[in-house]
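In this chain, residues are counted from 1 in sequence order.
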Amino acid sequence: MLILCFVVFFAMQTLVLFCCIAAGNDPVSQAISDQEQIEFLRNWRECHNAANK
């Protein structure tokens, strides 16, 4: 019974790992997402600074 629990546990961990990879939650995708957020915030700041002047 204990061995079965270990097998099920590691099978579920593997499933979660593959789902995260499939969802793009890997370091390369995260770096791309971070860069897009930086560019968005830079554009937002420029637009709002221009509007406030």
Side-chain angles (χ1 to χ4, degrees):
M1 182 68 178
L2 185 61
I3 293 174
L4 179 62
C5 288
F6 278 121
V7 170
V8 170
F9 173 77
F10 286 112
M12 296 298 285
Q13 291 296 315
T14 304
L15 177 66
V16 168
L17 175 67
F18 285 133
C19 288
C20 288
I21 291 171
N25 196 10
D26 59 310
V28 175
S29 295
Q30 190 63 43
I32 293 170
S33 176
D34 291 346
Q35 186 62 37
E36 290 173 347
Q37 290 179 18
I38 290 169
E39 290 174 13
F40 173 81
L41 291 172
R42 184 179 299 127
N43 291 337
W44 183 88
R45 189 176 346 138
E46 288 174 0
C47 288
H48 283 77
N49 285 341
N52 290 333
K53 289 183 178 182

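- No more than 12 heavy atoms of other residues, nucleotides or ligands shown are found within 6.0 angstrom of CD1 on I3.
- Through direct or relayed side-chain contacts under 4.5 Å between Ile, Leu, Val, Met, Phe, Trp and Tyr, F9 connects to L2, F6, F10.
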Please assess Q30 against D34 for the test side-chain hydrogen bond (donor to acceptor under 3.5 Å, both in side chains), listing each intermediate value before the final yes or no.
CA-CA 6 Å; Q30 190 63 43; D34 291 346; 3.2 Å; yes

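- Neither V16 nor V8 shares a network with the other; the hydrophobic side chains, linked directly or stepwise wherever heavy atoms of I, L, V, M, F, W or Y lie under 4.5 Å apart, form separate groups for each.
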